[in-house]
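Atoms considered below: every heavy atom in the structure, side chains included; atoms not considered: hydrogens, waters and symmetry mates.
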Amino acid sequence: MSADGKCYRLGHVRFCDDAPELQGILARAHDGHARPLCQCCEAEPPMYVALINGVFHLKRMPGTGHAHDLACPSFDPPPELSGLGPLSGQAIVTDEAGDTMLRLGFSLSLRGSRPSSSTDEDEADTVSVTASPRRLRLLALLHYLWDAAGLTTWRKAYGRRSWWIVHRELCLATARARTRSGPLSDILFVPPPYVLEDKERLAGERRRFLHRLRPVAGKPTGLGLLVAELKGQEPAQYGRKLRFKHLPDFSVFVDSDTAKRFDRAAARKVRLVEATPNSHLMAIATFAVKGSYAEIREIALMAVDGRWIPFTGERDHALLQALAERDFVRCLPYNLPADAPIATAVLLDGDGPIALYAPAPDMTADREEDLRRIAAEGIYPAWHWPADLFDMPELPRRVDHGART
């Protein structure tokens, strides 16, 4: 590997991602459907070349993340450690070209009367009955986007992560994803960083994007997807107006019925973020364009910390804070219930990968026993913070990459 970049092999040619001629190399590989091989380890995991907005990018092949070295940015834990496992190959299907088909459990269009609204908390209450590995719930889609964008991975070397980076990576992650309705990038709106001096340009770009979602006579009304940070809400004459960061000049409404359901479902996560310093409340919502404003149909919320790493309660937030100077991947539940026996995170800078389990303090003894059994049978050694133990056990020690064998 070069001093500053990752290296790959394409046939007999070896190149690094800081090479001046990188785009030319990737263009030839893309045209020839060639697979560059990552040089992070002897296994040489295959990569594919994606053309996104006129720029070539190297991406890991689906299902190969665990074959990369722990220090490699392309490393990813096996899907069985999170809620991704039951969905892979069913609700989330990625082909050999790297294109992903997402099967959704919510509507992206309006036909006739208005569909009933729903929230992540409403669905979680009945997830053991209704969750299907064949369909992604709205919150599970947000989990997928966070994983695909690499926003669940944190390394000490990152230093900080800004909204500019979050926006960029989310947009890149959607470029190769599709739903039955078409490319996800055609309907997903992630507001770019708002700069007052550029407000006219930003508003123009937003109008051009939303124009594609305007109703067409005789056809079902297509819905858009919004992913943005929720900052607050205020009463409106016919419901509620929601305020999102980086969208100060765009109005987003929910009607009275949806607002009531939103209040019941959102209260816990809103309070969690308000009680946690340097955290954010992310929202994913389907919406219809109504002239110069948007009206939300369904919405789900996710709390993230100052590094934009998701958390669900005080306990896993405490673990994430203890990992501030460590390398790790956060595991997300997707469609699974909150007490599902999955890892909270995978530590990447220990003596090999280590699965970290930090169940909520109210987890029942039976569920925790299931978790312990699954952890013991897992692919990685496990570290466990018992539900009935107030103080966090000592974390596994950090091992420098050069010291690992």
Side-chain angles (χ1 to χ4, degrees), residues 82-83 117-127 137-147 151-152 154 161 163 166 226-234 240 242-246 252 254 258-285 296 298-324 328-340 342-345 356-364 367-368 371 385-392:
S82 71
S117 61
S118 67
T119 66
D120 55 318
E121 298 290 344
D122 291 330
E123 292 173 337
D125 288 342
T126 57
V127 70
R137 289 168 39 207
L138 187 58
L139 182 60
L141 176 60
L142 186 58
H143 288 177
Y144 166 79
L145 293 174
W146 233 249
D147 266 340
L151 298 174
T152 48
W154 182 259
R161 181 181 275 159
W163 177 252
V166 174
L226 172 68
V227 173
E229 180 181 353
L230 182 62
K231 294 300 293 181
Q233 52 184 308
E234 57 193 57
R240 196 80 52 79
L242 303 185
R243 292 185 287 106
F244 294 93
K245 193 167 184 179
H246 302 295
V252 181
V254 293
T258 305
K260 292 176 183 178
R261 293 170 61 85
F262 176 82
D263 287 343
R264 292 194 298 270
R268 186 185 65 83
K269 290 182 179 179
V270 170
R271 292 185 185 122
L272 178 63
V273 168
E274 289 179 343
T276 307
N278 194 27
S279 60
H280 314 270
L281 188 61
M282 295 304 304
I284 181 170
I296 285 178
E298 301 184 46
I299 187 168
L301 302 175
M302 179 177 76
V304 298
D305 68 11
R307 297 163 294 177
W308 308 92
I309 303 290
F311 67 98
T312 58
E314 295 179 2
R315 208 164 212 256
D316 59 332
H317 182 264
L319 175 60
L320 296 178
Q321 291 300 104
L323 296 173
F328 66 93
V329 178
R330 173 75 161 110
C331 300
L332 299 176
Y334 287 74
N335 278 0
L336 297 178
D339 63 347
I342 62 171
T344 303
L356 307 179
Y357 293 85
D362 59 354
M363 176 176 275
T364 65
R367 293 294 277 177
E368 186 166 17
L371 185 148
W385 182 0
D388 61 355
L389 186 64
F390 179 78
D391 294 319
M392 185 189 308

Do the ring planes of Trp308 and Trp163 sit parallel (below 30°), tilted (30 to 60°) or perpendicular (above 60°)?
tilted
Judged by atom type as modelled, is there a donor-acceptor pair below 3.5 Å linking the side chain of [X] to the main-chain atoms of [Y]?
X: Arg240; Y: Glu234; result: no
X: Arg367; Y: Pro359; result: no
X: Asn335; Y: Arg137; result: yes

Quick one: closest heavy-atom pair of [X] and [Y], and the distance?
X: Ala285; Y: Leu138; value: CA-CD2, 4.4 Å
X: Trp385; Y: Asp391; value: NE1-O, 3.3 Å
X: Pro333; Y: Ile342; value: CA-CD1, 3.7 Å
X: Trp154; Y: Ala324; value: NE1-O, 3.5 Å
X: Ala266; Y: Leu301; value: CB-CD1, 3.4 Å
X: Ala387; Y: Ala360; value: CB-O, 3.5 Å

Compare all side-chain heavy atoms of [X] with those of [Y] and state whether any distance is below 4.5 angstrom.
X: Ile296; Y: Leu242; value: yes
X: Leu226; Y: Phe244; value: yes
X: Tyr357; Y: Leu371; value: yes
X: Gln233; Y: Val254; value: no

Review item, side-chain donor-acceptor pairs of residues 277-284, under 3.5 Å, at least two apart:
from, atom 1, to, atom 2, distance (Å)
Ser279, OG, Val273, O, 3.1
Ser279, OG, Thr276, O, 2.7
His280, ND1, Glu229, OE1, 3.4
His280, ND1, Glu229, OE2, 3.0

For Phe311, give me all partners under ring-ring contact (aromatic ring centres under 6.0 Å, His included), at least two apart in sequence or on another chain.
His317
Report the distance from atom [atom1] of [X] to atom [atom2] of [Y], rounding to the nearest 0.5 Å.
X: Leu332; Y: Ile309; atom1: CG; atom2: CD1; answer: 9.0 Å
X: Ile299; Y: Thr258; atom1: CD1; atom2: OG1; answer: 9.5 Å
X: Arg307; Y: Arg161; atom1: CZ; atom2: CZ; answer: 9.0 Å
X: Leu230; Y: Met302; atom1: CG; atom2: CE; answer: 13.0 Å
X: Asp388; Y: Asp362; atom1: CG; atom2: CG; answer: 12.5 Å
X: Glu274; Y: Arg271; atom1: CD; atom2: CZ; answer: 8.5 Å

Mind running side-chain contact (heavy atoms from CB on, under 4.5 Å) on Leu356 and Leu323 for me, showing each step along the way?
CA-CA 11 Å; Leu356 307 179; Leu323 296 173; 3.9 Å; yes
Take Trp146 and Val166 through the side-chain contact (heavy atoms from CB on, under 4.5 Å) test and state the conclusion after the steps.
CA-CA 9 Å; Trp146 233 249; Val166 174; 4.1 Å; yes
Over 12 foreign heavy atoms within 6.0 Å of CD, Glu314:
no
From the list Asp305, Thr344, Asp316, side chain to side chain donor-acceptor pair (under 3.5 Å) with Arg330 holds only for Asp316
